[in-house]
J.: 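What follows is a structure written as structure tokens; I'll ask about it next.
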Protein chains: 2
Amino acid sequence: MSICGSSEPEHKSVRRKAGRPFDASKRAAIVDAAAHHFFHYGYAATAIEQVAADAGVSKVTIYNQFGDKRALFVAAVERECEKLRGHFSIEHAAPGSIRDRLTAIGQAIVAFLFRPEMLQFERRIAAETEAEPAIGAAFLEAGPWRMKHGFAAYLSHAVSAGELAIPDPMLAAEQFVSLCKGMGDLERRFGAIVTPEQRDRRILGAVEMFLAAYGTTPSLAPTDR
Amino acid sequence: MSICGSSEPEHKSVRRKAGRPFDASKRAAIVDAAAHHFFHYGYAATAIEQVAADAGVSKVTIYNQFGDKRALFVAAVERECEKLRGHFSIEHAAPGSIRDRLTAIGQAIVAFLFRPEMLQFERRIAAETEAEPAIGAAFLEAGPWRMKHGFAAYLSHAVSAGELAIPDPMLAAEQFVSLCKGMGDLERRFGAIVTPEQRDRRILGAVEMFLAAYGTTPSLAPTDR
DNA sequence: GACAAGTTGAACGGCTCCGTTCAATAAAAC
DNA sequence: GTTTTATTGAACGGAGCCGTTCAACTTGTC
């Protein structure tokens with residue numbers, strides 16, 4: 001099972017086999033439709049025939065190209081993970097105090113993670129991880145772990161600049177994100193609504209606590225409000 | 001849909017209707033078997049016939065008593081939530097420094113939350129919350145929110161004792177738990193193994209950070225190690 | 001004992017859906 | 001033009017499972 005490996009492992013200009021080649025545009029349409037159905041209605045609730053119809057393609061074509069329902073699902077996950085990979089760049093040079101920048105980063109992270117599509121995607125991945133652990137691993141690599149590394153690098157940068165004092169940036173990255181999400185993560189997964197006020201309260205608290213632990217200048221608002 | 005309301009809403013000694021009454025022991029056996037199957041194999045993958053066989057009961061009996069597959073699932077969730085309710089008591093008088101006590105609490109919380117059965121249960125609840133939001137709400141009430149209140153009360157107690165300085169105990173409770181779980185929560189859900197060392201590292205870091213923000217005595221080990 | 005209601009086993013209808021087969025057709029390589 | 005391969009539409013086999021029905025039996029109340 002090669003989930004989320006390098007995109008084009010072997011495209012050596014090997015002599016194309018004779019006959020009519022696969023229609024790449026059809027393949028893309030299939031994966032698109034499949035991703036939509038899988039992540040919107042769930043794996044079991046997705047009928048191959050429906051995917052075929054949405055992709056404007058025959059069902060047999062899908063089985064020709066992917067062979068299996070699971071394989072199609074894996075392909076959809078791969079595509080989504082690929083999209084994820086582009087979303088983790090933090091500007092190393094940003095304006096404002098470290099407090100302001102942390103706040104902005106926290107808001108961006110929460111906004112990104114709490115999108116409804118992300119919720120759906122996580123749900124499906126978590127459900128299928130049980131049957132196919134490689135799927136969960138691929139998601140962790142492409143998403144959370146990647147983000148953690150990026151953010152840890154940012155923190156290290158701030159440490160170099162003397163703005164923070166962090167013994168373990170990887171741990172600190174986890175801590176900050178965990179604080180920002182707080183219980184909102186659970187509530188979201190279990191259908192409770194999380195108000196923007198709650199989000200902001202958690203982010204504010206996260207920044208406050210983070211600076212209390214890792215700040216270099218004596219924190220100015222230890223007992224705010 | 002009455003999920004997790006008061007256990008026995010109307011048991012007024014209303015004149016028992018004539019004829020053979022429901023067999024309570026059978027009902028219990030059914031719910032037991034159903035819970036096992038639902039939380040072990042998932043809702044869709046659970047066949048009523050199998051539940052009936054495991055409970056030593058006829059399929060028709062299940063339909064007589066519960067009427068529906070969903071209703072049976074709800075009954076199983078109710079029973080599990082009921083069990084959850086007993087698990088959130090924190091000893092207000094415990095020995096040791098506040099640091100030691102927080103560490104012990106963190107370890108207990110993580111140990112409780114990371115049990116495999118809890119993972120399974122959460123997975124199923126999250127999956128079914130989509131179709132039935134009341135299920136997710138019931139779980140939040142019986143589990144996370146209950147725990148949060150209990151822990152916040154404990155923290156308030158420590159504040160009264162002058163051991164901590166916390167402006168918002170509810171937020172602080174969230175923060176501590178979030179820090180203890182850290183990314184381990186995600187990793188667990190997506191099939192990655194979380195080593196005891198990682199857990200302990202996170203708990204240690206959580207206590208450290210928590211005391212840095214809310215401690216009353218100057219933290220003794222800011223840059224531990 | 002008469003009555004009412006739960007329990008059982010078996011069978012059935014109905015539904016959804018996966019994956020395959022087949023013959024006909026289209027598109028590329030040689 | 002020939003060969004090779006992909007695509008299509010339709011149909012089929014097979015499986016799983018929900019929920020119902022029925023007749024017989026059991027267990028309770030009156």
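Labels below follow one simple rule: chain letters A, B, ... track the order of the sequence lines, proteins then strands, and each chain is numbered from 1.
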J.: Do NZ/NE/NH1/NH2 and the carboxylate oxygens of A:E117 and A:K83 come within less than 4.0 Å?
T.: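 No, A:E117 and A:K83 are not salt-bridged.
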
J.: Rounding to a whole Å, what distance do you find between B:E49:CD and D:dT20:C1'?
T.: 12 Å

J.: Could you work out which one of C:dA27, C:dC18, D:dA10 sits closest to the side chain of A:R20?
T.: C:dA27

J.: Given the rule in the salt bridge (charged side-chain N to carboxylate O under 4.0 Å, His left out) test, do B:E82 and B:R85 qualify, once you have shown the distances and angles that lead to the verdict?
T.: CA-CA 5 Å; B:E82 206 61 49; B:R85 292 216 177 82; 3.0 Å; yes

J.: Picking from D:dC17, C:dT7, D:dT7, which would you name as closest to the side chain of A:D23?
T.: D:dT7

J.: Rounded to the nearest angstrom, tell me the gap between atom NZ in B:K59 and atom P in C:dC12.
T.: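 From B:K59 NZ to C:dC12 P: 13 Å.
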
J.: A:I48 CD1 to C:dC18 P: how many Å, rounded?
T.: 5 Å

J.: Do the side-chain N or O atoms of A:T61 get closer than 4.0 angstrom to the phosphate oxygens (OP1, OP2) of D:dA6?
T.: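 Looking at the OP1 and OP2 atoms of D:dA6, neither is under 4.0 Å from any side-chain N or O of A:T61.
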
J.: Identify, between A:V60 and A:K69, the residue whose nearest nucleotide on DNA chain C lies closer to the 5' end.
T.: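 The 5'-side residue here is A:K69.
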
J.: Can a salt bridge be assigned to the pair A:E122 and A:R189 using a cut-off of 4.0 Å between side-chain N and carboxylate O?
T.: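 Judged by the 4.0 Å cut-off on N to carboxylate O distance, A:E122 and A:R189 do not form a salt bridge.
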
J.: Whole Å only: how far is the CZ atom of A:F66 from the P atom of D:dA6?
T.: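 It works out to 14 Å between those atoms.
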
J.: State, with a plain yes or no, whether a side-chain heavy atom of A:Y214 is found less than 4.5 Å away from one of A:Q175.
T.: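 Contact flag for A:Y214/A:Q175 side chains = yes.
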
J.: Report the distance from atom CZ of A:F22 to atom C1' of C:dA27, rounded to the nearest whole Å.
T.: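 Nearest whole value for this atom pair: 14 Å.
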
J.: Go through D:dA6, C:dT8, D:dG28 for me and flag the one nearest to the B:P21 side chain.
T.: D:dG28

J.: Hey, can you pull the residues of residues 32-44 of chain B with a non-hydrogen atom under 4.0 angstrom from DNA chain C?
T.: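 Result for residues 32-44 of chain B: none.
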
J.: Mind telling me whether A:F121 and A:F39 have parallel, tilted or perpendicular rings, with 30° and 60° as the class edges?
T.: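 It falls in the perpendicular class, over 60°.
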
J.: Between P on D:dT5 and CD on A:Q65, what's the gap in Å once rounded to a whole number?
T.: 16 Å

J.: Look at atom NE2 of B:H87 and say whether more than 12 heavy atoms of other residues, nucleotides or ligands are closer to it than 6.0 Å.
T.: yes

J.: Does A:Q50 make a side-chain N or O approach to OP1 or OP2 of C:dC17 shorter than 4.0 Å?
T.: no

J.: Quick one: is the NZ or CZ of B:R188 closer than 6.0 Å to the six-membered ring centre of B:F114, and within 45° of its axis?
T.: yes

J.: If I take atom CD1 in residue B:I62 and atom P in nucleotide D:dC18, what distance separates them, rounded to the nearest angstrom?
T.: 10 Å

J.: Using only side-chain N and O atoms of B:K26, determine if any of them is under 4.0 Å from OP1 or OP2 of C:dT8.
T.: yes

J.: Please classify the nucleic acid contact of B:Y63 as base, sugar-phosphate, or nothing, using heavy-atom distances under 4.0 Å.
T.: base

J.: Would you mind reading off the distance between B:N64 atom CG and C:dG6 atom C1', rounded to a whole angstrom?
T.: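 These atoms are roughly 7 Å apart.
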
